[in-house]
Amino acid sequence: MVTRTYDPHRKWEPRIPTPGEGGKTSAMIASLAAEGYDAVPAPFGHALVAQARSDARIVGLTADLAKYTDLHIFAEAFPERFYQMGMAEQVMISAAAGMAREGFIPFATTYAVFASRRAYDFIAMAIAEENLPVKIVCALPGLTTGYGPSHQATEDFAIFRGLPNLTIVDPCDAIDVAQAVPALVAHDGPVYMRLLRGKVPSVIHKHCPDYQFELGKAKLLRDGKDVLVIASGFMTMRALDAAVEAEKDGISIAVLHCPTIKPLDTDTILAQAGQPGRLVVTAENHTRIGGLGEAVASTLLTNGVTPKFRMIGLPDQFLDAGALPTLHDRYGISTTAILSQIRGWL
Amino acid sequence: MSGISASQLPNMSLPRRAWEIRRKAVRMGQVQGQGYVGQALGVADVLAVSYFHALNYRADDPEWAGRDRFLLSIGHYAIALYSALIEAGILPDQELETYGADDSRLPMSGMAAYTPGMEITGGSLGQGLGIGVGMALALRAKNNPAFVFNLMSDGELGEGSTWEAAMSAAHHKLSNLICIVDFNDQQADGKSTQTLSAEPLADKWAAFGWHTQRVDGNDIDALVAAFDTARNLPDPKPRVIICDTLMCKGIPFLEAREMAHFVRVEPDEWQKALDVLDETRPA
């Protein structure tokens with residue numbers, strides 16, 4: 001790893017990465033690799049189309065990223081209800097607010113970095129403060145691209161958690177994404193949802209066939225006596241994979257999937273974390289600052305529940321560019337890295 | 001490739017420089033099997049005129065205080081700028097094949113802390129021109145006669161920040177700021193003119209108080225004249241050169257392909273593209 005900070009007086013040295021070190025950067029549009037799982041194409045786009053067939057209030061807006069947020073599926077099905085706003089995230093958000101005021105339920109899509117960083121004030125004032133039912137659905141959450149900090153939304157929870165009224169969702173897989181769409185429509189208020197797009201793995205039903213997404217609810221996908229992992233997003237997949245792997249070594253890991261980051265399902269978290277004798281670990285595809293881990297820590301501490309507690313997440317730094325498998329290992333969010341961290345804490 | 005660097009051949013023609021930039025971009029695309037090679041081929045003539053006619057810089061001292069600043073607002077065009085920087089002798093040719101590799105100095109999106117000659121971290125589109133305003137204000141405050149060039153795309157014209165910066169530059173009479181708009185009429189979701197039309201574009205820039213030129217961005221003579229005009233103009237106003245370019249320019253079988261943000265290049269076509277270029281090498 002090369003530590004990089006901007007220094008206008010630095011000395012530049014040629015750099016040829018050694019073959020063992022170098023790898024291929026994943027394309028920005030690459031789907032998340034998920035070995036051993038079936039993939040579902042564009043679950044968000046298809047779920048939105050299904051919902052829109054029976055609900056004329058639903059409209060779609062994008063900021064030049066329909067193809068990259070699976071909203072093109074909706075655009076093809078309902079061209080008259082699709083609004084291409086161009087590379088202009090701020091007016092997309094303001095316009096979504098305007099349409100919501102007139103009775104529509106807008107789904108507005110872009111990348112997570114652009115919604116959270118560029119459009120924040122517009123989301124805060126035009127949407128959240130008015131509690132309008134705009135659903136902001138954003139691809140490339142956390143570390144899901146090797147393009148570097150311009151496209152890595154590693155602090156979107158931290159940015160949005162402070163915003164009153166806004167519900168925050170971090171789905172794990174294709175099932176979560178598809179089942180979240182009707183739940184978002186049914187919820188009469190603003191939502192920010194992280195999106196997995198393209199070919200999205202179907203994970204949870206393989207481990208827990210009865211699982212059903214519920215907005216605001218954490219679900220225990222797997223029980224275990226040594227460790228409780230509280231995870232969101234694709235880190236739930238990683239936690240499940242780690243649990244299966246750890247079982248071979250006699251380590252028993254429970255996985256609590258917490259796809260709604262805000263409002264947090266504190267009852268379930270307290271009930272699970274309050275069971276004695278387990279190491280409690282949070283796992284999130286987000287900086288360890290201001291995300292799921294700190295939300296859970298705050299919940300536990302203010303309620304007097306104090307198990308041995310650790311957090312898995314991205315470090316407080318701008319991350320490298322590179323291939324996703326390399327970066328997930330480097331920053332501790334691959335299955336292997338999760339396992340080695342948990343083993344070290346036990 | 002090894003031996004003498006092209007930058008050590010001062011008498012090379014601008015069309016040849018553009019050709020060299022194109023060839024390097026295709027080689028980088030070949031390394032990764034992907035990349036924004038369509039954009040790179042389209043903007044190669046603009047970069048050739050920038051780095052071998054218009055810009056003042058020292059290849060062995062990329063942070064020389066007197067250099068003209070060249071800002072790549074469009075971070076994904078890094079493949080094109082790396083090619084120009086290698087051609088200019090600012091980056092060694094040996095690093096070309098590390099494009100996009102882990103821990104390379106040539107990441108797929110351009111970043112200031114990674115690469116000599118990469119003045120800013122672009123890629124979050126719509127930021128370069130505003131940074132250019134600040135650099136132009138600072139250079140003027142320091143009595144530094146250098147120019148600031150900002151290379152942006154037509155897609156970035158959609159961002160409100162672009163027009164905030166445009167208004168600011170004119171208000172502050174930044175005659176040391178030259179904005180280059182690569183107008184290839186292509187952005188992520190389709191043709192720019194059908195995604196969010198910025199036309200009438202030249203009239204817009206003029207109305208914002210800019211000296212405005214619109215040229216064929218693949219016509220090197222026209223580019224040379226436009227860059228000369230932009231630098232030498234006495235008017236106390238910022239200058240914009242809108243360059244209409246053709247994606248994939250120089251490789252006919254790619255030019256003819258249905259255009260997309262990522263132009264499709266099959267695995268066996270990288271070499272074919274190099275072969276096509278090799279048959280059309282200018283003197």
Side-chain angles (χ1 to χ4, degrees), chain A residues 1-30 62-68 71-72 75 84-92 111 113-114 117-118 145-151 318 320-323 325-327 330, chain B residues 31-35 61-63 65 75-76 78 90-92 94-95 97-117 119-127 153-162 187-190 192 194-198 260-262:
Chain A
M1 179 180 347
V2 185
T3 302
R4 298 179 183 86
T5 48
Y6 179 70
D7 170 9
H9 305 294
R10 61 207 174 289
K11 284 272 186 220
W12 290 107
E13 298 292 340
R15 180 167 173 76
I16 312 284
T18 58
E21 195 180 15
K24 288 198 169 187
T25 296
S26 304
M28 173 158 40
I29 55 171
T62 192
D64 190 32
L65 286 170
K67 283 185 206 166
Y68 301 90
L71 195 65
H72 65 294
Q84 172 60 264
M85 302 305 288
M87 198 188 288
E89 296 77 15
Q90 295 171 343
V91 73
M92 174 181 73
Y111 286 153
V113 278
F114 304 137
R117 296 174 185 166
R118 185 156 307 188
T145 167
Y147 266 51
S150 66
H151 288 66
F318 287 108
D320 289 341
T326 307
L327 299 179
R330 181 170 293 176
Chain B
V31 167
Q32 284 290 339
Q34 61 178 331
D61 184 8
E63 273 116 27
H76 61 292
I90 295 169
L91 285 173
Q94 297 92 300
E95 284 189 56
E97 295 196 355
T98 73
Y99 170 65
D102 295 340
D103 298 316
S104 161
R105 296 200 300 174
L106 312 182
M108 291 185 83
S109 191
M111 288 181 271
Y114 280 64
T115 319
E119 295 273 359
I120 62 167
T121 296
S124 179
L125 299 174
Q127 298 204 16
S153 65
D154 47 8
E156 289 186 279
L157 297 166
E159 292 289 357
S161 54
T162 294
Q187 59 187 93
D189 269 344
S192 305
Q194 292 169 10
T195 301
L196 179 59
S197 177
H261 190 53
F262 268 113

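First the proteins, then the strands, lettered A, B, ... as listed; each starts at 1. Any value given below was found using the heavy atoms of this structure, including those in side chains, with hydrogens, waters and symmetry copies removed.
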> In terms of heavy-atom pairs under 4.5 Å, which option from Thr62(A), Leu65(A), Val91(A), Asp64(A) contacts chain B the most?
Replying inline: Asp64(A)
Pick from [options]: which one has the most heavy-atom pairs with chain A under 4.5 Å?
options: Leu157(B), Leu125(B), Thr121(B); value: Leu125(B)
options: Gly158(B), Ser109(B), Pro107(B), Ala188(B); value: Ala188(B)
options: Asp189(B), Leu91(B), Leu196(B); value: Asp189(B)

Please classify the contact between [X] and chain A as side chain, backbone, both or neither, with a heavy-atom cut-off of under 4.5 Å.
X: Thr115(B); value: backbone
X: Pro116(B); value: both
X: Thr98(B); value: side chain

> Is the backbone of Glu13(A) close enough, under 3.5 Å, to the side chain of Arg105(B) for a donor and an acceptor to pair up by distance?
Replying inline: yes
>> Strictly distance-based, threshold 3.5 Å: is any side-chain N or O of Asp320(A) a donor or acceptor partner for the main-chain N or O of Asp103(B)?
In response: no
> So do Glu89(A) and Glu159(B) actually touch side chain to side chain, heavy atoms under 4.5 Å?
Replying inline: yes
> Is the closest side-chain heavy-atom distance between Pro149(A) and Met111(B) below 4.5 Å?
Replying inline: yes
Please report the interatomic distance [atom1]([X]) to [atom2]([Y]), rounded to the nearest 0.5 Å.
X: Ser124(B); Y: Arg118(A); atom1: OG; atom2: CZ; result: 4.0 Å
X: Trp12(A); Y: Glu63(B); atom1: CH2; atom2: CD; result: 6.5 Å
X: His151(A); Y: Met108(B); atom1: NE2; atom2: CE; result: 11.5 Å
X: Asp154(B); Y: Met87(A); atom1: CG; atom2: CE; result: 8.0 Å

> What part of Arg117(A) lies closer than 4.5 angstrom to a heavy atom of chain B: side chain, backbone, both or neither?
Replying inline: neither
> Looking only at heavy atoms, what is the nearest atom pair of Gly123(B) and Ser150(A), with distance?
Replying inline: C-CB, 4.0 Å
